[in-house]
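To start, the structure under review is shown below, and the notes come after it.
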Amino acid sequence: MARLIASAIASLDGYTVDAAGSFDWAAPAEDLHRFVNDLERPIGTYLYGRRMYETMRFWGTQAATDDPSAVIREYAAVWQAADKVVYSSTLDEPSTPSTRIVRSFDAAEVRALVDAADRDVSVGGSTLAGEAMRAGLVDEIHLFAVPVVVGGGTAFFPVGLRMELELIATDRFADGAVHLHYRVMS
């Protein structure tokens, strides 16, 4: 059975972008990027909001495919191999292959998509992941906490949400980033 997995790289104080909308502080070091590649290889479908999709579509470009770094090329191949569902009321059509636009988030439709999937599904972007968390759809969380405090911005977890989590694993990386893997308790 497929799982719905929410994942994010966040500041130590829980923000995925800072108050200025920047996330340049979140660029993963090579060992972390390699770990993410391995973690995302089994993903069959990515669910994105518009802003996250606009950020991630770089991975579908020739620039990513031709990058001199093997870890970058590998992630581009992982990303390109997966289907993408983008929740947007403003995008008319996708700009990457294997991508479809859905006008609004519907929890029952997402649950049906995950239940029918033969590979795990990932939800990315704080707003969309927050909707999935509030709807009780998320099975696991991968949080990559990087050693920076940004003091504000877009929080990964929605305000007012309470979830009981079971720690499954932790991993530490050379730059001080920490991976926290949790199972959402029912």
Side-chain angles (χ1 to χ4, degrees), residues 1-12 14-17 23 26 28 31-60 71 74-88 96 98-100 102 105-146 154-158 161-173 177-186:
M1 182 169 165
R3 301 166 294 173
L4 181 60
I5 301 169
S7 62
I9 296 175
S11 63
L12 194 56
Y15 296 99
T16 56
V17 297
F23 57 93
D31 62 335
L32 173 53
H33 209 302
R34 190 174 302 106
F35 184 89
V36 169
N37 291 357
D38 292 341
L39 190 67
E40 294 203 356
R41 194 170 286 107
I43 299 296
T45 304
Y46 293 113
L47 308 180
Y48 294 130
R50 180 192 50 81
R51 286 186 306 254
M52 180 57 82
Y53 173 65
E54 288 174 343
T55 299
M56 296 302 291
R57 67 184 175 193
F58 163 78
W59 298 103
V71 72
E74 181 182 16
Y75 186 77
V78 167
W79 191 85
Q80 290 171 17
D83 292 330
K84 277 72 78 184
V85 178
V86 180
Y87 294 87
S88 174
T96 56
S98 303
T99 304
R100 66 185 173 96
V102 175
F105 178 85
D106 180 293
E109 288 178 9
V110 171
R111 177 48 54 203
L113 183 148
V114 173
D115 288 348
D118 58 355
R119 296 174 62 197
D120 288 336
V121 177
S122 174
V123 57
S126 298
T127 302
L128 188 64
E131 287 187 59
M133 288 180 213
R134 285 191 189 282
L137 300 174
V138 174
D139 300 302
E140 294 185 9
I141 295 171
H142 290 278
L143 183 63
F144 295 88
V146 298
T154 302
F156 177 59
F157 292 104
L161 176 68
R162 181 182 172 99
M163 290 190 315
E164 299 295 324
L165 305 173
E166 175 188 8
L167 182 64
I168 296 172
T170 61
D171 301 278
R172 184 165 187 247
F173 300 93
V178 178
H179 167 240
L180 303 167
H181 180 190
Y182 291 100
R183 178 178 302 116
V184 177
M185 306 302 291
S186 302

Taking side chain as C-beta onward, heavy atoms only, is [X] less than 4.5 Å from [Y]?
X: Y46; Y: M56; value: no
X: V85; Y: Y87; value: yes
X: F156; Y: M133; value: yes
X: F157; Y: L143; value: yes
X: L39; Y: H142; value: yes
X: V178; Y: D171; value: no
X: Y48; Y: T55; value: no
X: I141; Y: M163; value: yes

Name of the residue among E40, R3, M1, E140 meeting side chain to side chain contact (heavy atoms under 4.5 Å, CB included) with D120: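 Only one option passes, and that is R3.
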Distance-only, no hydrogens or angles: does the R41 side chain make a donor-acceptor pair with backbone N or O of V78 under 3.5 Å?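 No; zero donor-acceptor contacts below 3.5 Å.
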Mark yes or no for whether D139, through its side chain, and I5, through its backbone, hold a donor-acceptor pair below 3.5 Å.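 Here the side-chain-to-backbone pair does not exist.
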With rounding to the nearest 0.5 angstrom, report the CG to CZ distance, L4 to R111.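 Interatomic distance, L4 CG to R111 CZ, rounded to 0.5 Å: 6.5 Å.
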Straight-line distance of Y182 OH to T170 OG1, nearest 0.5 Å: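 The distance works out to 9.0 Å.
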Contacts of type side-chain contact (heavy atoms from CB on, under 4.5 Å), residue S98, not counting sequence neighbours: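 S98 satisfies side-chain contact (heavy atoms from CB on, under 4.5 Å) with D83, K84 only.
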side-chain contact (heavy atoms from CB on, under 4.5 Å) partners for M185, two or more places apart: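 For M185, the residues satisfying side-chain contact (heavy atoms from CB on, under 4.5 Å) (neighbours in sequence not counted) are E164, E166.
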Within 6.0 angstrom of [X] [atom1], more than 12 heavy atoms from elsewhere:
X: R51; atom1: CZ; answer: no
X: F23; atom1: CZ; answer: no
X: R119; atom1: CZ; answer: yes

Passes side-chain contact (heavy atoms from CB on, under 4.5 Å), L47 versus V110? Steps please. CA-CA 9 Å; L47 308 180; V110 171; 3.9 Å; yes
S126 versus T16, side-chain donor and acceptor atoms under 3.5 Å: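 Judged by distance alone, the side chains do pair up.
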On the 0 to 90° scale, with breaks at 30° and 60°, tag the W59-Y75 ring pair as parallel, tilted or perpendicular.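 Because their plane-to-plane angle is over 60°, the rings of W59 and Y75 count as perpendicular.
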Quick test of your reading of the model: are D31 and R34 salt-bridged, counting only N-O distances below 4.0 Å?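 A salt bridge is absent here (no side-chain N lies under 4.0 Å from a carboxylate O).
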